[in-house]
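Have a look at the structure below before the remarks.
As the structure is a prediction and not an experimental result, all values here were calculated from the model. FYI, the numbering just counts along the sequence from 1.
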Amino acid sequence: MQFHLQHPAMRKIVELKERGFAEKDLYDFAPQDFEDAMDSYRRVLEIAGEVCGDVIAPNAEGVDQEGPRVVNDHVEYASGTVRNLKAIVDAGLSGLTLPRKYNGLNFPLVCFVMANEMVARADAGFENIWGLQDCAETLNEFASEELKAKYLPLVSAGATCAMDLTEPDAGSDLGAVMLKATWSEERQTWLLNGVKRFITNGDGDVSLVLARTEEGTTDARGLSMLVYDKRDGGVKVRRIENKMGIKGSPTCELVFTNAPAQLVGDRKMGLIKYVMSLMNAARLGIGAQSVGTCEAAYREALKYAAEREQFGKPIIRFAAVSEMLFNMKAKLQGARALLYETTRFVEIYKQYGHISHERSLEGDERKEMKFYNRLADGFTPLVKLFSSEYANQLAFDAIQIHGGSGFMKDYPCERLYRDARIMNIYEGTSQLQVVAAINAVTKGTFMEQIARYAEEEYAAPMQAIVETLKDLTAKYEAMIAHVEEGDKQVAGFKDFHARRLVETAGHIIISYLLARQAGEDGQYADSARVYAKLATGKIAEAYTYIMNSTTDDVELFKKVEALA
């Protein structure tokens, strides 16, 4: 994390976030310059690490066993979760990215993602509760000044959040949401009626609710975003889902009965604009949660392999086990590299968005905002796809290294395995991330960024990897051309190969990122070499499949309904 905190882009990010340090004379704790800001970030992140290591991690097993429960129609957290929340608030780790005028710390998104990663490494379930404070960023970006003044200080003081999107008949298809919002002239507020399901931390203090405000509509154009305050009543928790993992995080079914709420932004823009912002933030959050889980799984596997002896020596000295550990480390560091590269893209784009509400952007600023917006749109689903899949793979491998012991509840890897399984499902399955990312393939976003990486300078030991990546890029271009030609002949050819194309782009990008890091810090050299070999194998498989694929393959898979 220290490595990524020292990335050259941090200077630009801090300048944008601090608006040239305009608040240094308004607030005692506002930084005076770049070095002062970076010192503050390190100090607060060290505090976050201490809370995670001293409080949250030791509570994780107990929280997993006790779990939350419903008492008088509301959630009562596990006792360990209550202690976690108190520790977080006492440490001043709420409202991390919110403006100082709302009692926030005004830290960059990079710092929030780092804190998220640490919390997730300690307890992925608790990260779901703490990490949802990023809902406040949507309020900060789109709500009226009146709503921001009401709700953002609450979040800075430790209020928990939720985003109430999913319904029993509207899972990934949020356009089918039917929870009704009706304007009450008598009460001068919107009233919510209906049911929401699978709501993470559903009984949070402040909830963003997707609801249908337009009478007679059935599509996305009738949906708006509203904010609900738990203190106003009108919402009952019908039940908490009995989940496989992340058991400390209450996943609720909610019943709204004339629950008062206030409109966020413009009517009819709930799904089209505001939920897209929410979901992109959530996907970055799951990226951090997944990387934290990768770190935890790798550490548990490494520790056990060094301690467990078989046939007179530690099992880490067996080639089969050491190879697994090297692969785990490469995937972990690769996912982290992609996470913080994506976060930097999102950060710069978002900061220009905030500045545009304060003043008109200059021509170069508008151009740069558009550039980073395009990268953020492509990389966000990519990081969610790779990090969540790797979280599952590393949790799986951690149990394998533990052998039979890993199947028992005596070791944390059993919990990590259960926790990881949701990560490539919620906030958009891996399949939906591919749907979101394929445009970055066909529109050239990934290829253009790969070309930029290829033009950078790399340390001498990484030159062989760079040459390999250039060869892989040529294969990637051939794969795209073959798929685009096939799609002209039969509809669905591109969709059929979308995952292979997206993953190929991801493997090349991650390899470049690790090679770049290895030039600045030698500890990444081994991971760069290992990951490049893994990437070469994966891309060779995808290349062989795609280049030998014909339109007949798509026609065959269109017969899937005949299997039912």
Side-chain angles (χ1 to χ4, degrees), residues 1 45 47-64 67-68 75 77-78 80-89 91 93-97 109-137 155 158-163 199-202 204 243-251 278 281-297 299-300 332 335-336 339-340 343 383-384 387-388 390-392 394-395 412 415-427:
M1 287 186 193
L45 287 170
I47 292 171
E50 290 173 3
V51 172
C52 290
D54 297 341
V55 180
I56 299 173
N59 285 334
E61 289 297 325
V63 168
D64 181 66
V75 168
Y77 291 124
T81 302
V82 175
R83 292 194 296 273
N84 292 346
L85 288 168
K86 183 179 186 304
I88 285 285
V89 173
L93 297 175
S94 299
L96 215 62
T97 62
L109 180 61
V110 170
C111 295
F112 179 64
V113 170
M114 288 181 174
N116 253 327
E117 183 190 331
M118 287 190 284
V119 172
R121 177 182 166 188
D123 182 356
F126 183 70
E127 188 278 336
N128 274 347
I129 299 171
W130 182 80
L132 274 167
Q133 65 177 276
D134 65 4
C135 290
E137 272 301 320
V155 177
T160 60
C161 299
M163 49 182 187
I199 307 304
T200 302
N201 198 41
K243 306 188 299 289
M244 175 192 295
I246 55 168
K247 297 182 78 68
S249 166
T251 303
L278 260 181
R283 286 167 180 170
L284 206 56
I286 303 306
Q289 184 185 50
S290 298
V291 171
T293 302
C294 285
E295 180 75 47
R299 295 291 184 113
E300 291 296 327
L332 160 64
R336 182 177 286 126
L339 172 65
Y340 290 108
T343 303
V383 74
K384 204 279 185 180
S387 63
S388 64
Y390 284 165
N392 275 271
L394 266 65
R415 171 174 52 84
L416 295 173
Y417 184 68
R418 289 186 286 106
D419 287 350
R421 191 60 191 90
I422 189 61
M423 293 172 195
N424 56 0
I425 296 174
Y426 64 5
E427 309 307 344

Any donor-acceptor pair under 3.5 Å from [X] side chain to [Y] backbone:
{"X": "Q133", "Y": "G95", "value": "yes"}
{"X": "N201", "Y": "N128", "value": "no"}
{"X": "Q289", "Y": "A124", "value": "yes"}
{"X": "K247", "Y": "D419", "value": "no"}

Practice task
Check the pair S94, V155 against side chain to side chain contact (heavy atoms under 4.5 Å, CB included), reporting the backbone distance first and the verdict last.
Solution key: CA-CA 7 Å; S94 299; V155 177; 5.8 Å; no
Check whether any side-chain heavy atom of [X] sits under 4.5 Å from a side-chain heavy atom of [Y], and report yes or no.
{"X": "S290", "Y": "Y390", "answer": "no"}
{"X": "L332", "Y": "V291", "answer": "yes"}
{"X": "L284", "Y": "L339", "answer": "yes"}
{"X": "T200", "Y": "I246", "answer": "no"}
{"X": "I56", "Y": "N59", "answer": "no"}
{"X": "F126", "Y": "I88", "answer": "yes"}
{"X": "R421", "Y": "K243", "answer": "no"}
{"X": "N116", "Y": "E127", "answer": "yes"}

Kindly give the heavy-atom pair with the smallest separation between [X] and [Y], and that separation in Å.
{"X": "I129", "Y": "G248", "result": "CD1-O, 3.8 Å"}
{"X": "I47", "Y": "A91", "result": "CG2-CB, 3.8 Å"}
{"X": "M118", "Y": "G49", "result": "SD-CA, 3.7 Å"}
{"X": "G204", "Y": "T160", "result": "CA-OG1, 3.4 Å"}
{"X": "G202", "Y": "A162", "result": "CA-CB, 4.3 Å"}
{"X": "A122", "Y": "A60", "result": "O-CB, 3.6 Å"}

Practice task
Take M1 and L45, measure what side chain to side chain contact (heavy atoms under 4.5 Å, CB included) needs, and give me the verdict at the end.
Solution key: CA-CA 10 Å; M1 287 186 193; L45 287 170; over 6 Å; no
Could you give the distance from [atom1] ([X]) to [atom2] ([Y]), rounded to the nearest 0.5 Å?
{"X": "R415", "Y": "R418", "atom1": "CZ", "atom2": "CZ", "answer": "8.0 Å"}
{"X": "D64", "Y": "D123", "atom1": "CG", "atom2": "CG", "answer": "8.0 Å"}
{"X": "L85", "Y": "Y77", "atom1": "CG", "atom2": "OH", "answer": "6.0 Å"}
{"X": "W130", "Y": "L96", "atom1": "CH2", "atom2": "CG", "answer": "5.5 Å"}
{"X": "R283", "Y": "S387", "atom1": "CZ", "atom2": "OG", "answer": "12.0 Å"}

Exercise for the section: Give a yes or no on whether Y417 atom OH has more than 12 heavy-atom contacts from other residues, nucleotides or ligands under 6.0 Å away. Expected result: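 Open.
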Practice task
Would you mind listing every salt bridge (charged side-chain N to carboxylate O under 4.0 Å, His left out) that reaches into residues 286-295, with sequence neighbours excluded?
Solution key: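 Listed once each, the pairs are E295-R299, E295-R336.
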